Number of protein chains: 2
Amino acid sequence: MPDHPTNAEALHEAIEARLRLADQRYTSGRRRLVSFLVAADHPVSISEIEAALPTLPRSTAYRNLVDLQGAGVVRRVAAGDEFVRFELTEELTEHHHHLLCLHCGRVLDVASDPLFETAIADMAETLAARFAFTARDHRLDILGRCAQCSSDPDSAGAP
Amino acid sequence: MPDHPTNAEALHEAIEARLRLADQRYTSGRRRLVSFLVAADHPVSISEIEAALPTLPRSTAYRNLVDLQGAGVVRRVAAGDEFVRFELTEELTEHHHHLLCLHCGRVLDVASDPLFETAIADMAETLAARFAFTARDHRLDILGRCAQCSSDPDSAGAP
DNA sequence: CTACTTGCAAATGCTTTGCAGGAGA
DNA sequence: TCTCCTGCAAAGCATTTGCAAGTAG
C-alpha cells in the first residue's frame, strides 16, 4: 500500500496539487511534458524531450522543468557523466535505481526491493556515521553494458 | 594487498606510466594538478582547481583533465545535480563512495569495506540480470546533511 | 629535431533570461 | 482581470578549439 498515486488520473491530480502549492498551473504544455516523462520508463534527456514534443520550444521545456523541479514533481538525474536527464520524483513514482550503459549512454530504471533497500539504508547509515553525516537518501547506479550493446557491438551513441 | 600505489612516489610513477601509454607527458603543470587531486580527499570542481592553482589557465586545466581522463588517471564525478568534479580513478586510489551534502554541496569520500562491497555487488548483479545487463561497476551516493551544515544551519554554498 | 603542451583569444553549445503577447482561473 | 505561462530572440556561461610559441625527450 504505497502512498504513491497508483493510476494515471491520480498521478496527474497529485502533480496538479503540487503545482498549485507553488502557485503554478498545470497547463497543457506541462501536461504533455509530464506525460512523456511518465510514459518513458527511464530518465529522459532534453534532446529526447525535444524529439518527442517538437512543438514545445526548448526554452519553455527548460523553464517548465525548472518549475516542475521547484514543485517537487521532477528531479534532475546526473546520469553517466554526460547529459542531464529528468525523471518524476520518487514521491510520485517509486524508489528505484539506474542501470547506466557505458557504451551507448542508455539509462534504465530498475526497481529495488525491500530487502535490498533495508540493506543499503543500513550501509548508508554506517558509512555516514563515520563523518557525523546525516543520511537522508541514497542513490545506487549500476554501470555496465546493456543488452543491446552486448549483442550488437557496433551500436553507439545515446538514445 | 591492494594493487594500488601505496605512497606518493609510486603513485606519480603509475600516473606517468599511464600517460606514456597514451603518448603524453607528465609535465609540471599536470603534476601540480594531479598533486592537488591527491591532496584533496574529495572530488574537486573546476573552481576549486582554479583557486588552488591560480597560475594554471582554465583552458589548460580543462585540456589536462581531458587528457588525464583519456589516460585513465582521472574521472569525472557527477556529484549532486550541480557541478562537475574530478577525482583520481579507483585504480590509483581505492574504491569508495560519496557523501553528498544537500545543503552546501560538499562531497566527501568514504571508503567502503569488503563486506559491504560484496553485498552491493551481489545486489547490482541481481538487479542487472533483470535487464540482461552486464554489471561492471557500481556507484553508491549517500545524500544528506554534513556535520558542518548540521551544526551551523546558516552555512551555504559549495565549498 | 619532432611531437606534445601551453596560453591567449575566439568559437561553441547548452541553458537562462527579457519582454510582449496569450492563456488559465 | 489579474497572474502566470509561452515563444522568440538575445544574453550568459562553462567548456572546447585554433593557432603560434614553448618545451620535453
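Note that the coordinates shown come from a computational prediction; the quantities given were computed from them, not determined experimentally. Proteins get letters first, then strands, A, B, ... in listed order; numbering begins at 1 in each.
- Between the CZ atom of A/R76 and the C1' atom of C/dC14 there is a distance of 11 Å, given to the nearest Å.
- Look at CD on A/Q24: it is 13 Å from C1' on C/dG24, rounded to the nearest Å.
- With the nearest nucleotide of DNA chain D identified for both B/Y26 and B/R58, B/R58 has the one nearer the 5' end.
- Between A/R20 and A/T60, the residue whose closest nucleotide on DNA chain C is further toward the 5' end is A/T60.
- Counting heavy atoms of neighbouring residues, nucleotides and ligands inside a 6.0 Å radius, atom CZ of B/R130 exceeds 12 of them.
- Atom-to-atom, CG of A/D23 to P of D/dC5 comes out at 9 Å; the value is rounded to the nearest Å.
- For A/R25 and D/dC4, a side-chain-to-base donor-acceptor distance below 3.5 Å is present, hydrogens and geometry of angles not being considered.
- For C/dT17, neither phosphate oxygen OP1 nor OP2 lies less than 4.0 angstrom from any side-chain nitrogen or oxygen of A/R63.
- Residue A/N64 places at least one side-chain N or O under 4.0 Å from the OP1 or OP2 atom of D/dT6.
- Counting heavy-atom neighbours within 6.0 Å of A/R31 CZ, excluding the residue itself, gives a total above 12.
- Applying the 4.0 Å criterion to OP1 and OP2 of D/dC4, one finds that A/R30 has every side-chain N and O outside that range.
- An OP1 or OP2 oxygen of C/dG7 is reached within less than 4.0 angstrom by no side-chain nitrogen or oxygen of B/S59.
- The CG atom of B/L19 sits 8 Å away from the P atom of C/dT5 (whole-angstrom rounding).
- A 4.5 Å side-chain heavy-atom check between A/I15 and A/R30 finds every atom pair outside the cut-off.
- In terms of position along DNA chain D, the nucleotide closest to B/I46 lies nearer the 5' end than the nucleotide closest to the other residue of the pair B/S28 and B/I46.
- A/R31 places its CZ atom 13 Å from the P atom of D/dT6, with the value rounded to the nearest Å.
- Taking the side chain of A/P57 as heavy atoms from C-beta on, and the options D/dC8, D/dA14, C/dA25, the nearest nucleotide is D/dC8.
- A/E125 places no side-chain N or O within 3.5 Å of a backbone atom of A/A135 that could act as its donor or acceptor partner.
- Among the nucleotides C/dC8, D/dG7, D/dT6, the one closest to any side-chain atom of A/T27 is D/dT6.
- In terms of hydrophobic clustering, with Ile, Leu, Val, Met, Phe, Trp and Tyr side chains grouped at heavy-atom distances under 4.5 Å, A/L53 and A/L37 are assigned to a common cluster.
- In this structure, A/D67 reaches neither bases nor backbone, as no heavy-atom distance under 4.0 Å exists between it and the strands shown.
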